[in-house]
Amino acid sequence: MVEFAQTLVNGLVLGALYSLVALGLTLIYGVMGLANFAQGEFAMIGGFSAFFLVQEGVSYPLAVVIGFAVAGIIGLLVHLLAFYPLRQSNHINMMLSSLGVSLFLVNLAQYLFSPNPQVVKSPLSGESFNLGGIFISQQRVLIVVISFILCLATFLLLKHTKFGRSVQAASLDPDTATLYGVPTKRISFMTFILGVALTGIAGALLAPVYNVYPTMGISLTLKAFVVVVLGGMGNVSGAIAGGVIVGLIESFAGGYISTGFQDAIVFTVLFVVLILKPQGILTKVQGEKV
Amino acid sequence: MLEIQGLRSGYGDITVLQGVSLNVNSGEIVGILGANGVGKTTLLKTISNLIKTRAGTINYQGKNLTHVPPSKLLNLGIAHVPQGRNIFSKMTVAENLHVGLDNVKKRVNPQEQLDYALALFPKLKERWNQLGGTLSGGEQQMLAIARALVTKPSLLILDEPSMGLAPIIVRSVFNAVKKIAQDGTTILLVEQNAVAALNVIDRLYVMDMGRMVYESQEMNDNELEKIKEVYLGAG
Amino acid sequence: MSKILVKAEQVSVKFGGLWAVKKVDVDVKAGEILGIIGPNGAGKSTLLNVLTGLQRPSAGQIQIDNGYVSKKDAWQMVKMGIGRSFQTIRLLNELTVIENLLIGGHLYTKRGLLDVLGRTVRWRKTEQQITNKAMELLQLLGIGHKAQEEISALSLEERRRVEIARALMTRPKVLLLDEPGAGFSPQESDQLCELILSIRNRGISVVLVEHNMKVIMSLADRIIVLDHGQKIADGTPKEISEDELVIRAYLGGEDHA
Amino acid sequence: MNRNRILFWTCILVGMICILSSLYLQNLYILRVAVFAVIAAMLAVSVNLLVGYTGQVSLGQAGFYGIGAYTVGLLTTQWHWSFWLALLAAFILTSLTGLILGLPTTQLKGHFLGIATLGFGIIVNVIFNNWTSLTGGPNGIRGIAPPELFGISLQYENYFLGFSLFCLMVVVLMVHLVVNSAIGRAWKCIRHDEISAQVSGINVYGYKLMAFSLSGGIAGIAGGLYAGFMTFISPETFDLNQSITIITTAILGGPGTLFGPLVGAGVLTVLSESLRALNELRLIIYRAILVTVIVFLPEGIYPFISKKLRKRGIASQLKLKDRRRELDEQDFSQS
């Protein structure tokens, strides 16, 4: 029972992180039609910013916030160099470009920071709650709380602000959106930056628990894709719910079947979903016109 | 108010508009009638710059529109309701209306405009928090018009508002159009449904194969016969 | 009475909550030109897609030569003798005219891996046959001299001809043309009419969706009118042009129902 | 004898010369690099069948590559099969894997297909790493016997290079024959427009499956060659990075062309070797160049160069002028 609860909690923590990364991914997909394989690298960027800032004596919370900004700024550069020139091209070229960007960022980080994992100290490191035999480190609680707040904030931003409505309109019907004054080009820029910055925060948050290293983003990207496929490409609430589902699957597969095979199990679930319901399990099917 | 001279445009290799000229005076409802496929929608999309002009000029209140991007038209007081009621299906009625309002907030009083649009289409108030995609066809058309209306346009461009609607709904939509014009908005209406359109418009153009083939100030059965000839090729 | 080649019974297509096509009967007889008309959004293209297997009907059945085919894919329908062209031309722009036509001859080639890798005698023979057939068709359509040009170098009118030629390469019994005259000048429309008649004279039935009323009224033996996804009239061009329902569908009208 | 046939035999001749001259190469470093380049080329050819000819993305090509290598590795070490039989088995097994993977995934398009194939690659890699009793886990398989031909061991690098070049030539020839037939035309049509293909009587699903199966088989052969050359295999060779390298090689060279993948493999090999002096900076510059090419030369290097060369030809220049004149006249008659 204790083991079950512990697995459940670990799954929720993972799920919260996946939701955050997938949220960025799905926003970008919705507005730009870009399947961004470089998404996880922005978590790496956020993680390393937090690492260096904490090392320089900056307080951890501030480091997290700056991680958000750094990921956003690098996101802007990447968008300008690797995606904006391809806006008229097909989506497959954009996807390949993002694969190239992903490898580039990983190699750059390996060159600049060495491939070894780095430990990030958070004031909450080492502290943990004991709930009837289940140990939860405070950092993990922080991850869940902040992720939840950010997901909620993004959701509210989309629902209740001018920017959010523009993003929704631009992803639903770009032509009509322009007719109502939505500057679709600027919106796609801003969405990309917001999307990768959210992932940057995820990186800064997970750093004290899982350490930071140049290749940390790859598995995050992959999981985020599974989440997004599960929740339906471009579906925001689907991404949040899907994140939790994938986190739980991974945690339980690791705990009860085999840690070695947990990724294979996650991707097998992905296969089944893709084949049976390619629109995602959380999206309603709509008729397709030829 | 709107003056178009020798307009040509099209898609890829196909030139759809073969030199279209027309003008719209302030305060009137001008109808462009024609069967499907004659280039009516292309004409409107060219006016909004969703399709590039290949030749000819579009003047609106003395300003050349040829290079104004579609997203800036609202600032000039032009609102274009596209064909097929392109409402944002996964956004609520309220959100749809706010997309219209968002970009004109400096110019208009949002509450006033919302009240005006909802008075015209009270049904939308009942559906306020429903997703656009779940509305009936008629309600979607009303929403599309209302979404344009809240931007307080001087010129409202409507692309076939009757499409796919039952006759009784068409009538209520057109009554609303008439009311909008009476309140001082100039309207450019593109329609296939000539009978319904003739009831509301002040002046009419008939389009065929990318050209204006007929123009008239009279709205009676005689005109209908003429339009029928163009439509059904019986002439 | 001539033989019925294609018979669609009560076919319906539903997109989301909307009936794009609702309980429509169509039959195409051998050697006739059947026109399909209707206002925007009436479901003409959807109906064509159903008849060519690109769209599965939500309900209803289709028979080709008395065999039910509702569950067949488009390529199997082609095998049974249905060919078509599209409103927005669907040719491969980077390839030459002749290459596009050879694609249409796909079903009549030897295409097993062993034949292809071995370049067998029968492989050569069928390749030669479809190449000859393609050249013959191009000559017939008056574009033989363009055989080696890329599609992107052709005019709109020539592309339409190539697309019709590609459809003819599949040796159809019934040829469906979706607005073959869109964007044509009156002169080009006249030439198109001649072309369609000559296709019919080769014993191929033609189903024609067209906006240009002059074209359809002069060509069609019979016309079906769709409105709101339903068939509202079926008759000779003369009957159609006098039909109250049709006139109302086009011009609109007050609701008397 | 027409121009195409002359070109065809010239290519065969050049191929033979390459094979023969490889036997006289003595520089061990160059030989090894060349063998890897040939294997990379074969992999690029395999993925080109998908991404180039039928317009399907595969981000899991390393999965087939790995299955091929492990089949040869296991059959020769555990069951003591001869290399040749094992290579044949690798081809058959990977073709089947391609077919089975294709059954559900060819229904998917674009990103979805990319993600699904990527998932396939990862699952295969996880199995290599964790099914320790069969695959040796992260330690891999050692002591794979290099192939022998007519009593001559191919463990000498120049013999192996000759052999692998021969395999590559056979594969390219096969692809050439297939592409220039109804099958290739069907693939091209599917890539550009599936609806067009359907109304031309092409069984889109069937032909996509065929492409998947052939592509898997060719990658499997490349895997077998790798195992035979290295005599040692481990999971890390067949990871996601490898899959991405394979697809970018094909894209870089020119997807949908016969020689594009070869050019891609050649350019990338030379690039990566000449950057070796830069040590750690090498990979970064290498990736930056990759992204630049994708962004600014999406059609690939080979088509770009061959187009440039063709444009220089006087005949085509005249043709271009004619076409321009035609266009001008058209404009004139319209206005």
Side-chain angles (χ1 to χ4, degrees), chain A residues 23 26-27 29-31 33 87-88 154-191 228 231-241 279-280 282-290, chain B residues 41 44-45 47-51 68-92 94-108 110 129 131-134 140 143-153 156-159:
Chain A
L23 183 63
T26 212
L27 276 176
Y29 180 80
V31 174
R87 65 198 177 284
Q88 308 284 6
T154 311
F155 194 73
L156 293 177
L157 181 79
L158 288 175
K159 276 280 154 198
H160 296 288
T161 65
K162 174 178 167 181
F163 170 73
R165 281 188 293 269
S166 300
V167 169
Q168 283 191 71
S171 65
L172 288 169
D173 185 346
D175 260 7
T176 308
T178 14
L179 283 180
Y180 291 95
V182 175
T184 40
K185 218 186 273 174
R186 197 183 328 149
I187 291 295
S188 91
F189 258 100
M190 287 161 74
T191 310
V228 169
M233 292 291 247
N235 180 344
V236 170
S237 39
I240 297 170
Q279 311 81 1
L282 302 166
T283 316
K284 271 189 216 146
V285 188
Q286 285 189 332
E288 190 193 346
K289 261 198 162 182
V290 180
Chain B
T41 296
L44 297 191
K45 283 189 172 172
I47 296 175
S48 299
N49 213 0
L50 286 174
I51 299 175
V68 177
S71 59
K72 299 280 180 231
L73 287 175
L74 281 186
N75 299 338
L76 297 172
I78 302 177
H80 177 168
V81 180
Q83 190 186 42
R85 317 181 278 273
N86 294 351
I87 51 152
F88 303 117
S89 55
K90 285 178 183 164
M91 297 168 78
T92 64
E95 287 171 327
N96 265 282
L97 290 176
H98 274 101
V99 171
L101 269 178
D102 277 335
N103 297 293
V104 291
K105 277 203 173 121
K106 280 175 217 149
R107 189 159 62 77
V108 304
N129 283 316
L131 290 186
T134 65
Q140 291 191 5
L143 176 57
I145 296 177
R147 187 178 55 183
L149 216 50
V150 292
T151 67
K152 203 172 186 180
L156 181 63
I157 300 176
L158 298 173
D159 193 352

Ignoring hydrogens and geometry, is there a side-chain-to-backbone donor-acceptor pair from [X] to [Y] under 3.5 Å?
{"X": "B:Thr151", "Y": "B:Arg147", "value": "no"}
{"X": "A:His160", "Y": "A:Leu156", "value": "no"}
{"X": "B:Asn96", "Y": "B:Met91", "value": "yes"}

request  = Evaluate the side-chain proximity of B:Asp102 to A:Phe163: yes if any heavy-atom separation is below 4.5 Å, no if none is.
outcome  = no

Residue part contacting chain A, namely of [X], when any heavy atom lies under 4.5 Å:
{"X": "B:Val104", "answer": "neither"}
{"X": "B:Ala79", "answer": "neither"}
{"X": "B:Lys45", "answer": "neither"}

message = At a heavy-atom distance under 4.5 Å, which candidate from A:Leu172, A:Val182, A:Asp173 has the highest pair count against chain B?
response =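 The answer is A:Leu172.
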
request  = Find the one option among A:Gln168, A:Lys159, A:Lys162, A:Arg165 whose heavy-atom pairs under 4.5 Å with chain B are most numerous.
outcome  =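 Highest number of pairs under 4.5 Å: A:Arg165.
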
task = Determine whether more than 12 heavy atoms belonging to other residues, nucleotides or ligands lie under 6.0 Å from atom CZ of A:Arg186.
result =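 At most 12 heavy atoms, drawn from other residues, nucleotides or ligands, come within 6.0 Å of this atom.
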
